[in-house]
Amino acid sequence: MKIINYPLLVILILCLALNGNAQTKHSKNTLYPTYKGLIMAGYQGWFSAAGDGSNSSRYAYGNEERSGIDLWPDVSEYEKTYPTPFKLSDGQPALFFSSADKSTVDLHFKWMQQYGVDGVFVQRFFNTAKSKDKKNSRSSFIMQNALEAASKYKRAIAVMYDLSGLAASGEDCSAIIEDWKYLVDELKVTNQQETNTYLNFNGKPIVAIWGVGFPDRPYNIRNIGLERLIDFLKNDPVYGGCAVMLGVPNSWRTLRGDCNPDPYLHDLIKQCDIVLPWSVQRYSPLLHNDMNRYRDDLIEDMKWCRENNLSYVPCVYPGFSWHNLSRYEFPDDIKPIASIPRMGGRFYWQMLSTAMSSGAGMLYVAMFDEVNEGTAIFKVTDNPPVSKTNPETKFADLEGKPSDYYLWLTGEAAKILRNEEPLNFKLPVRKTEK
């Protein structure tokens with residue numbers, strides 16, 4: 001009589017069941033199997049407007065006494081717009097869009113396709129990740145609309161978890177683990193119903209974790225479960241099999257300047273696949289030869305990554321303006337309007353061309369729609385509102401450039417990354433400008 005080892009049999013069945021489900025949640029086919037050769041942007045998608053049904057008590061544009069944005073969007077193509085307390089210079093009401101409208105997200109992805117922007121990382125903040133009512137959250141609706149638009153316009157899309165909002169104690173990254181399960185199971189982020197365009201890297205869906213190693217964060221990176229989160233995303237038999245991109249300070253390699261001096265950051269980085277430094281505000285056209293410093297930083301960063309079998313994506317941005325926000329967030333350090341000026345696109349092109357000439361094969365643009373900090377590349381107006389009652393509330397213009405100029409410049413850089421055009425350090429001239 002043959003003796004059956006039942007405990008061993010049970011273990012074998014469980015292993016087969018797990019292997020049968022291994023990464024079947026993620027589609028094996030995507031239009032974007034690699035990040036290499038692509039230019040991606042960050043997508044906030046967090047803008048609300050009075051009358052959009054969001055029931056928010058606070059809107060980014062604010063009022064003439066207190067506004068939270070420094071650039072004003074060009075709303076001429078939006079299907080839905082909303083009145084604001086502001087007036088344009090000709091006295092006409094200044095209108096705003098809402099990210100909650102499906103038509104808004106659709107238009108943004110249409111622009112990406114039209115101008116050759118490969119796609120976006122959609123921001124998902126910690127407060128959303130820990131929410132008990134994810135299904136009815138505004139962020140989930142926007143994510144769903146973004147997935148549909150990405151599929152419709154065949155643009156790459158990926159999730160970027162932003163740790164902003166994570167408390168100093170009582171919370172950890174386990175909330176993100178549960179949220180990723182929700183996104184995979186309910187929103188099918190890595191297995192879209194139509195054309196799957198989720199961004200992969202070496203055949204694995206990319207998940208970004210941003211906000212690791214910054215000294216202004218209340219949490220300690222040693223005790224928020226980051227290693228467990230990274231291990232889950234990479235190795236979980238059902239929801240794992242992902243490539244992890246870590247968003248870190250610009251001085252992550254030296255552990256100086258804008259970075260916490262804790263070497264544990266390097267331990268975390270080595271467990272990931274891609275390093276993304278946050279370079280916004282770290283370089284400026286107002287500093288002599290600052291692009292040489294940017295170039296040197298990139299070369300040393302990429303060397304470190306090669307030695308540690310990691311990939312590297314530089315961060316580029318068109319300019320920076322944080323005047324209105326700083327008036328009430330940092331009243332002792334109020335920033336001037338356009339503190340890092342765009343210089344008619346020259347600064348942006350210097351960052352783009354310097355990164356590519358230094359050997360970068362993929363790029364991250366900060367940001368697609370960030371009008372709060374004045375880094376947006378989507379369509380903004382050169383004729384912003386003018387405050388009649390408070391001259392301290394003011395908005396940056398586009399220095400005479402058309403509203404789509406930075407979308408166009410981004411598309412020109414994308415051609416170089418795809419080897420369709422040769423690298424040129426000189427600012428491209430648009431046919432309409434000749």
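Model, not experiment: these values are computed from the prediction.
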Residue pair [X] / [Y], side-chain donor-acceptor N/O under 3.5 Å:
| X | Y | result |
| --- | --- | --- |
| D101 | Y82 | yes |
| S387 | T393 | no |
| N250 | Y283 | yes |
| S251 | R282 | no |
| Y43 | H108 | yes |
| T381 | D74 | no |
| D404 | Y115 | yes |
| Y161 | D179 | yes |

Salt bridge or not between [X] and [Y]? Use side-chain N to carboxylate O under 4.0 Å.
| X | Y | value |
| --- | --- | --- |
| K234 | D273 | yes |
| E148 | K102 | yes |
| K152 | E194 | no |
| D301 | K303 | no |
| R418 | D118 | yes |

side-chain hydrogen bond (donor to acceptor under 3.5 Å, both in side chains) with S99: which residues, sequence neighbours excluded? none

Among residues at least two apart in sequence or on other chains, which ones pass side-chain hydrogen bond (donor to acceptor under 3.5 Å, both in side chains) with N383?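 For N383, the residues satisfying side-chain hydrogen bond (donor to acceptor under 3.5 Å, both in side chains) (neighbours in sequence not counted) are S89.
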
Centroid-to-centroid, W252 to W304, below 6.0 Å?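 They qualify: ring centres under 6.0 Å apart.
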
Donor-acceptor contacts under 3.5 Å from residues 31-41 side chains, at least two apart:
{"unit_1": "Y32", "atom_1": "OH", "unit_2": "K154", "atom_2": "O", "d": "2.7"}
{"unit_1": "T34", "atom_1": "OG1", "unit_2": "K36", "atom_2": "N", "d": "3.1"}
{"unit_1": "Y35", "atom_1": "OH", "unit_2": "L363", "atom_2": "O", "d": "2.9"}

Residue pairs fulfilling side chain to side chain donor-acceptor pair (under 3.5 Å) with at least one residue in residues 360-376, sequence neighbours excluded: Q44-E370, W46-N372

I need the full list of side chain to side chain donor-acceptor pair (under 3.5 Å) pairs touching residues 337-360, with sequence neighbours left out, sorted by first then second residue. Y348-T410

Tell me, please, which residues at least two apart from D262 pass salt bridge (charged side-chain N to carboxylate O under 4.0 Å, His left out).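 Residues passing salt bridge (charged side-chain N to carboxylate O under 4.0 Å, His left out) with D262: R222.
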
For F141, does the six-membered ring have the charged nitrogen or CZ of R138 within the cation-pi criterion, i.e. under 6.0 angstrom from the centroid and within 45° of the normal? no

